[in-house]
Amino acid sequence: MMPAKESIYNTIYDIVRAIPRGRVSSYGAIANAIGAKGAARMVGYAMNLSHAIQPKVPAHRVVNRNGMLTGKHHFETPTQMEALLIKEGISVVDDQIVDFEKFFWDPMIEL
DNA sequence: TACATGACTCTTA
DNA sequence: ATAAGAGCCATGT
């Protein structure tokens with residue numbers, strides 16, 4: 001199995017957990033922030049595993065570069081992601097965040 | 001060591 | 001502008 005030691009995944013979870021409520025970030029930005037530039041796929045991979053990670057990881061705050069909820073189908077329910085975002089004050093239309101740039105939270109800059 | 005996977009991103013047709 | 005393909009990284013087998 002995977003090494004018990006934490007890998008970049010743990011770092012990703014830490015960054016995602018650091019995302020303020022009502023804000024969102026992108027896979028590429030996170031990958032860039034952790035040092036794994038271009039490894040946006042790894043971030044998505046980590047999110048897929050995040051369902052079993054504790055403390056809970058707000059994966060719903062992580063979307064693709066276009067602000068589209070690409071991973072909504074990976075949640076417990078396909079509506080959970082947008083529901084949570086809307087709940088935090090973010091408008092989601094057609095699986096896409098409205099004014100994504102406005103809600104965008106860059107871990108590299110904020111941190 | 002090499003191949004396969006993936007909630008991405010970029011470039012080209 | 002929209003669609004399709006290739007590129008990229010880290011991890012597992």
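Note: hydrogens, waters and symmetry copies are ignored here, and every other heavy atom, side chains too, is used. Remember, it's a predicted structure, so these values are computed and weren't measured experimentally. Reminder, nothing fancy here: chain letters follow the sequence lines and each chain counts from 1.
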- Please walk me through it: do A:Ile15 and A:Leu111 pass side chain to side chain contact (heavy atoms under 4.5 Å, CB included)? CA-CA 9 Å; A:Ile15 295 290; A:Leu111 297 179; 3.8 Å; yes
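- Residues satisfying the ring-ring contact (aromatic ring centres under 6.0 Å, His included) criterion with A:Phe75, sequence neighbours excluded, are absent altogether.
- To the nearest 0.5 Å, atom CG of residue A:Leu85 and atom CD of residue A:Gln80 are 10.5 Å apart.
- Applying the side-chain hydrogen bond (donor to acceptor under 3.5 Å, both in side chains) definition to pairs two or more places apart or across chains, those involving residues 55-76 of chain A are A:His60-A:Glu88, A:Arg61-A:Glu88, A:Lys72-A:Glu82, A:Lys72-A:Asp95.
- Contacts between residues 71-92 of chain A and DNA chain B, defined by a heavy-atom separation below 4.0 Å, involve A:Gly71, A:His74, A:Phe75, listed by number.
- Residue A:Val98 belongs to a hydrophobic cluster whose other members are A:Val93, with links defined by side-chain heavy atoms closer than 4.5 Å.
- Checked against A:Ile90 for a side chain to side chain contact (heavy atoms under 4.5 Å, CB included), the options A:Val63, A:Ile97, A:Asp99 give a single hit: A:Ile97.
- Across every non-hydrogen atom of A:Pro107 and A:Ile30, the tightest pair is CG-CA, 4.2 Å.
- Comparing B:dT11 with C:dC9, their P atoms sit 15 Å apart, to the nearest whole Å.
- Once rounded to the nearest 0.5 Å, the distance linking OG of A:Ser7 with CD1 of A:Ile34 reads 9.5 Å.
- The salt bridge (Lys or Arg N to Asp or Glu O under 4.0 Å) test applied to A:Arg17 returns A:Asp14, not counting sequence neighbours.
- Of the inter-residue distances, the one linking A:Tyr27 atom OH with A:Met42 atom CE reads 12.5 Å to the nearest 0.5 angstrom.
- Judged as a salt bridge (Lys or Arg N to Asp or Glu O under 4.0 Å), and not counting sequence neighbours, A:Glu110 has no contacts.
- A distance of about 23 Å separates the C1' atoms of B:dA7 and C:dT13, rounded to the whole Å.
- Think of the region where chain A sits on DNA chain B: with heavy atoms and a 4.0 Å cut, that region ends 5' and 3' at B:dT5 to B:dT9.
- Under a hydrophobic clustering in which Ile, Leu, Val, Met, Phe, Trp and Tyr are joined whenever their side-chain heavy atoms come within less than 4.5 Å, directly or via other members, A:Phe104 and A:Val43 fall into different clusters.
- Between the CG atom of A:Leu49 and the NE2 atom of A:His51 there is a distance of 6.5 Å, given to the nearest 0.5 Å.
- Within residues 56-64 of chain A, the residues having any heavy atom under 4.0 Å from DNA chain B are, by residue number, A:Ala59, A:Asn64.
- Sorted by first and then second residue, the salt bridge (charged side-chain N to carboxylate O under 4.0 Å, His left out) pairs involving residues 21-38 of chain A (not counting sequence neighbours) form an empty list.
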Scan nucleotides 6-10 of chain C against the protein and return all N/O pairs shorter than 3.5 Å with their distances rounded to 0.1 Å.
from: C:dG7; atom 1: O6; to: A:Arg41; atom 2: NH1; distance (Å): 3.1
from: C:dG7; atom 1: O6; to: A:Arg41; atom 2: NH2; distance (Å): 2.3
from: C:dC8; atom 1: N3; to: A:Arg41; atom 2: NH1; distance (Å): 2.8
from: C:dC8; atom 1: N4; to: A:Arg41; atom 2: NH1; distance (Å): 3.4

- Task: Go through A:Val62 and A:Ile19 one step at a time and tell me if the side chain to side chain contact (heavy atoms under 4.5 Å, CB included) criterion holds.
- Result: CA-CA 9 Å; A:Val62 183; A:Ile19 299 175; 4.1 Å; yes
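- Looking at every heavy atom in both residues, A:Ala59 comes nearest to A:Ser50 through CB-OG, 4.0 Å.
- Non-hydrogen atoms lying under 4.0 Å from DNA chain B are contributed by nothing in residues 95-111 of chain A.
- Interface residues of residues 21-34 of chain A facing DNA chain B, ordered by number: A:Tyr27, A:Gly28; criterion, heavy-atom separation under 4.0 Å.
- The two residues A:Ser25 and A:Trp105 make their nearest non-hydrogen contact at OG-O, 3.1 Å.
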